[in-house]
Structures are given as structure tokens and as C-alpha cells.
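Reviewing the structure listed below.
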Amino acid sequence: MKRSTTRTLMFFGAIVVAVALQVTFYALQTLRQEAKIGTGEALETLAEGAALSYRLWVEQLLAHVDVLAADNTFHSGVLKVLEGGMDRAPLTAHINSSIAAYTSAKDVMLVTPDQYSLLSTKSSSQGQIESGGREWHRSFKRALTGVTVFVATVDVVIRTEEQGNLFKVGKSSAIFRPVSNLDNEVVAVLAVLFTPGERFNRIARLGRLGQSGEIYTFNRDGYFLSGSRFEDQLIAAQAIDYAGEEVFKLRISPPQPDDTLTGGSAETDEVPSLTLMAHEATQGRNGVNTEGYKDYRGVEVVGAWRWLEEFGFGLAVELDREEALLSYFQTRRVFIAVVAGLALLACVFIFALARVQILARTRLLEVQEQLERRVKERTQALTDAHDALSVANQNLQTMATTDALTNLPNRRYFDEHALHQELLVRRENSGLAIIMIDVDHFKQYNDTYGHQQGDECLRAVSKAMSESGVCRRPGDLLARYGGEEFVILLNNPTEQYVAETAARLRESVLLLGIEHSGSSICIEAQDYFLSKQPAEDKGVKSSSEMGENSRKLVTVSLGVAIHHRGEKLVLSDLIESADQALYQAKQQGRNRVCYSNELIGEL
């Protein structure tokens, strides 16, 4: 009776706790959803307002440039300069007084259709434009069709007219305004270059909500066009050296795991990935995120973003998630504290009731455990002996079928596996491929560096091929065939798959970059990185052709033989064909793949 009452009380106590938890969870979910909806609407409203402000500002700049282009003095002066009948100095002075004063222009250039800077407010910017960035050429061509264009980012490099030196104007934003002759034909483009930071910042500062909210703009490559509210943090983390340096330099990327803030610089070799917001925006997608994502400081934020496709830049409105959902977090803490207190009282009550039953059953369990312990001890002794025997047998089997140097399957295991696959192919009428691999000039490598270093080379080569992901399907096998030779068996592959596998194996060894001064194969330094083209087409040269940047590296030659579905399979003949193809690869200069089958040789 007492036992039944105890169970009943425990049951109802558990029900009360479960109901309380369910109600609390539902209330918190509702509150969180409402907080997220409200935050998202506020962020989108602010983003739309900022987007409108930037559109109006750009349109105002375009209008200022249109005023200059419509001026009779400017228009007639441009036509005379183009005809060579007027000195450029008066027109340059007129441009300075007309437009530079109210646009804060970094430079104003008159560019001919063949991209020659005929005149400039800076004499150093006169000459042939060598490059301008990926946005320059697309926008310049559009301006030649008679359309005024705003470009978020250009990077102009000019070969100066006077000395012929390369002059880098620097990254800027630009406006391209076409200039037409009396026949309404575009004869030149007025290019107004300016630094966007100051003007972009004026609008961005209006969106600094609370303690962490900010608005900032960025170009198609994800680099800042306006300043950051958190310049002090960026300087302290050495992401930038001084306030305002982030414009065109700092990329909107989450910090790397080993840094507090890195952000990603335009000067580094490795370009970091963008934040979730910047990735979506630069793909031309507007959006809002109230779930939270990492910003360029590594802080969890919520935000809304807009991409202004007509102007080639985007803007983001972001607020630290903790601040955005502050009211929800505070309410959640109160709910959790109350529910935790109730749950604790219920647990204490249930524990007290359960304790009575536990004490009563303890003695019975002790006796039962003593009996079970004796049985387990005897059973365990037998199990241990059996396991030890199994492990010993397994170790012997592994040692017999594994190459001690490379830890790859050895020749014995390959022969057994190949025989099994031969029977399977005959039964299922499927295909089979063999790839023979040989390390080029390995004897010379041993003679040059010694046999111990040669063993290390074979380990590195086998590891690179194992980790290249070539044996991912059932039945595929990579094994050491003997000495510096390796072999791969591919079960029922397509010809394309065999070609890709062979290329991947060759490239994986080349990417090791192991020096081999005794090799006759020379590879350009920039070409020993991963390439989808054969090495012989990417800079492999003989010793006599070795350039200043050439290197001699460890390479492999590969011979491929394929048994097609429906053909009669003789495994020894297939292996012999692959070996002959390997011999052919060595005869043709090594570091290449040769095929015994003419069809796949065309791939």
C-alpha cells in the first residue's frame, strides 16, 4: 500500500514539473518570436531609409556632373581639345572651379574611347589607362553608349604622358558621364573620381542605434566604402592602423579562429570568406536576419541589408544580438529562475519518497550483485582469452597484408583482392581498371639523398595519394606493388572517372613540392600548384630549359589499362597492359599519364 502511494505521488509530481516546463517553454518561444519580428521590422525600416538616402545622394552627384557636362564652355572646350585646337590648361581650370569644389573630387579626367586620359585635374593622371579594376571596363563601355554611370570601386593605373611611368591613382568611387559631339556621338567620357568614405559616413552615422547599432556600406568584393563604428576595436586588434583606413582595405569577413579581429585585408594573399550578410548582399539578394550571425568583429549580431544594383554597392544595418533581444533575455532569466525553483522543490519531494524505496531494495541488490559478479568473473576470463586470441590472429593477418613502410596494402593483399574482383567482374559482366604508378627517377633520389630519406619520400607519396580521395567506392584499392611502384584497382569505373583519378594522383604528388635535384624534370614554380591541365602543358621542361623560377620536384608516371563491360577479362593481361602504358609514360618524359586504351587516351 505504501509502495503504491509513493509511486502515485512521484507520478503526479513528475506531471506537475512537465506541465510547468511545457508552459514556460511555450511562453518563452512566443515572447522570443515577437521580439524577433519587432526587431526585424525596425531593421528593415532603417535599411530602406538608408537605401533611399544613398540613392538620393548618388542622384545628386550625378546631377552635379550633368550640370558641368551641359555647360557650353566645358562642352566646346572638350571638342576643341579633342580636335587638338586648344590648350588643355584652361579647360582643366574650368573643371576645377565648376565641379571639384562641391564634389570633393579626388581627380577629374577626360578619357577618350580608347581609354586615354587626355586631361586631368592632376597632371600625373594624364596618359594611357593601363587598368582600372573589373568595374571600370564594364562601366566605361556602358558610358560610351550614352549612359551616365556611378561606379562604387575603381582602381586606376595610368602610364603617364610625360615620363611613361605607371602612376596608381588609388581606389576610388567614380562617375562616368558621356560627352557627345554635335552629331550626338559619344567622343569622350568625363570620369569624376572621389573617395567615398566621408560622404558615405554622413548617412551611416544616422543609423547608430543604442550602444552597438551601425550602418555601413560595401562594394561588390565585400570591402568597406564607409567607416566602422568600432574603429577603436579594429585598431586595437591591428586590423587597421588608423581611423578611416578600413575604406577599400578592410573586408567584411568574420575573424579567423586564432584572432580576435582580423577582418581580412585587400593586401593579403588569402582572401577570407564574407560574413553571411555580405555574401547574400553581394549576390544581389536583400534580406533580414534576426536569428543571429557573426559580423566582421566576430560578434553575434542581427541585421538587415540592401544591395543597390544600379550603383554597385550595398549597405547593412546591424545591431548586437544581445542588445537587440535584451528585453527577451531579461524576461527569460526570470522565467527560468521561477521554473527552476519549482522544479527543485518537486525534485526534493520526489527524491525523499524514492529514497525510502531505494533503501529497501539495496540489500536485495547487494545479494544479487554478489552472485552476478561471480558469474561475470568467470565469463570475463573466457571472453578475455577469446579476445586475446582474436586480436593476435587479426594482427598477424594485418601484418601479412600490410606494407610496413607505407601502411598501404601490400602486393599479397592486392593479388588476393584483384582475384576476387576478377571473379566478380566475370559474374556481373562489369568493368575494371588498373593504374600502375611509378616514382620518377627514384634511384637517383636514393643516390642523392640516401635510402632513409628515400623511405620518407615513399611515405609522403603514399600518404598524398591515399588522402587525395581516389578510393572512395566499394572495391577500389590503392596498394604498394613493390619498390617505388604503386597500383590502383578501380571497380566498374567510367572512362572519365579513371582519367580524373589518374590526374588527381599525379597532381597530389606534385603538390607535395619535394625537391629532387637528381630529376630530369623541371617545373615552373607557379605551376606545381593544383592544375586541371597535364603537367607537360603547364611548364614541365628539361634541365637544359630550366628557367630562373623552375624547380626539380618528385613526380610520378602513371599507366592506365581498362577492361570494358562485355569484354573477356584476363587479369594478368590487364596488369601487363597498364605496365606497358607506364613504360610509355616514362619514355615520353615522365610526370604524365598514358593509357593503353585509345578511347580514354583522348580524354
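Atoms considered below: every heavy atom in the structure, side chains included; atoms not considered: hydrogens, waters and symmetry mates. Positions are given from 1, in the same order as the sequence printed here.
H564 approaches E495 most closely through the heavy-atom pair NE2-OE2, 2.8 Å. Scanning all heavy atoms of the two residues, the minimum distance from S462 to T406 falls at OG-CB, 3.5 Å. Nearest heavy-atom pair across V498 and A433 is CG2-CB, 3.9 Å. Residues S557 and N591 approach most closely at OG-N, 3.2 Å, considering heavy atoms. The heavy-atom pair separating V560 from A581 by the smallest distance is N-CB, 3.6 Å. When all heavy atoms of P409 and L478 are compared, the pair lying nearest together is CD-O, 3.3 Å.
Counting non-hydrogen atoms of other residues, nucleotides and ligands closer than 6.0 Å to CD of Q452 gives a total of 12 or fewer.
Rounding to the nearest 0.5 Å places CG of L234 at 6.0 Å from OH of Y296. Distance check, rounded to the nearest 0.5 Å: CD of Q380 to CG of D387 gives 7.5 Å. D403 contributes atom CG, which lies 7.5 Å from atom CZ of F486 (distance to the nearest 0.5 angstrom). In this structure, the separation between CD1 on I514 and OH on Y449 is 10.0 Å, given to the nearest 0.5 Å. If you take OG1 on T555 and CG on D438, they are separated by 9.5 Å, rounding to the nearest 0.5 Å. To the nearest 0.5 Å, atoms CG (L319) and CD (E214) are separated by 10.0 Å.
Ring orientation note: the planes of F140 and W136 are close to parallel, at an angle under 30° on the 30°/60° scale. Using bins of under 30°, 30° to 60° and over 60° for the plane-to-plane angle, the ring pair H417/H420 lands in the tilted bin.
Under a 3.5 Å cut-off, the side chain of N492 and the backbone N or O of S430 do not form any donor-acceptor pair. Between the side chain of R551 and the backbone N or O of C522 there is no donor-acceptor pair closer than 3.5 Å. In terms of modelled atom types and a separation under 3.5 Å, the side chain of D295 and the main chain of R297 share a donor-acceptor contact. A donor-acceptor distance shorter than 3.5 angstrom exists from the side chain of S212 to the backbone of D320, with no hydrogens or angles considered. Side chain of H516 to backbone of H441: a donor-acceptor contact under 3.5 angstrom is found. Formation of a donor-acceptor pair under 3.5 Å by the D221 side chain with backbone atoms of Y223 is not found in this model.
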side-chain contact (heavy atoms from CB on, under 4.5 Å) assessment of L490 paired with R473
CA-CA 8 Å; L490 299 177; R473 308 174 312 148; 4.0 Å; yes
Worked verdict on E422 versus R427 for salt bridge (charged side-chain N to carboxylate O under 4.0 Å, His left out)
CA-CA 9 Å; E422 180 182 19; R427 184 172 65 248; over 6 Å; no
Working for side chain to side chain donor-acceptor pair (under 3.5 Å), residues T153 and E135
CA-CA 7 Å; T153 306; E135 296 291 334; over 6 Å; no
Show your reasoning for whether side-chain contact (heavy atoms from CB on, under 4.5 Å) applies to V487 and I437.
CA-CA 6 Å; V487 63; I437 307 154; over 6 Å; no
Take K552 and E515, measure what salt bridge (charged side-chain N to carboxylate O under 4.0 Å, His left out) needs, and give me the verdict at the end.
CA-CA 6 Å; K552 291 186 175 183; E515 296 291 343; over 6 Å; no
Evaluate side-chain contact (heavy atoms from CB on, under 4.5 Å) for Q283 paired with W307, printing each intermediate quantity in order.
CA-CA 8 Å; Q283 297 298 317; W307 181 255; over 6 Å; no
Intermediate values then yes/no, side-chain contact (heavy atoms from CB on, under 4.5 Å), E309 and R220
CA-CA 10 Å; E309 181 62 35; R220 195 177 299 276; 3.5 Å; yes
Run T217 and S226 through side chain to side chain donor-acceptor pair (under 3.5 Å) and show every step you take.
CA-CA 5 Å; T217 54; S226 60; 3.2 Å; yes
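Between E377 and R373, no side-chain nitrogen of the basic residue sits less than 4.0 Å from a carboxylate oxygen of the acidic one, so the salt-bridge criterion is not met. Residues E48 and R306 are paired through a salt bridge, judged by an N-O separation under 4.0 Å between the basic side chain and the carboxylate. With salt bridges taken as basic N to acidic carboxylate O contacts below 4.0 Å, none links D455 and R459. A salt bridge does not link K36 to E41: none of the charged side-chain nitrogens sits closer than 4.0 Å to a carboxylate oxygen.
Residues Q421 and L489 have side chains in contact (heavy-atom distance under 4.5 Å, counting atoms from C-beta outward). A heavy-atom distance below 4.5 Å is not found between the side chains of D476 and V470. Proximity of M436 to L558: side-chain heavy atoms (C-beta onward) are nowhere separated by under 4.5 Å. By the 4.5 Å heavy-atom criterion applied to side chains, L574 and V570 are not counted as neighbours. Using a 4.5 Å heavy-atom cutoff, the side chains of L505 and I488 are in contact. Looking at heavy atoms from C-beta onward, Y583 lies in side-chain contact with Q587 at the 4.5 angstrom threshold. Taking 4.5 Å as the limit, every side-chain heavy atom of L553 sits out of range of all side-chain heavy atoms of I521. Residues C594 and Q588 meet the side-chain proximity criterion, which asks for heavy atoms closer than 4.5 Å.
None of R506, R592, K586 except one satisfies the salt bridge (charged side-chain N to carboxylate O under 4.0 Å, His left out) rule with D440; the exception is K586. Each of H279, R321, E318 was compared with Y293 under the side chain to side chain donor-acceptor pair (under 3.5 Å) criterion, and only E318 meets it. Between F224 and the options F218, F313, Y216, F230, a ring pair (Phe, Tyr, Trp, His ring centres under 6.0 Å) holds for only Y216.
With F414 as the aromatic partner, R480 does not meet the cation-pi criteria of under 6.0 angstrom to the ring centre and within 45 degrees of the ring axis.
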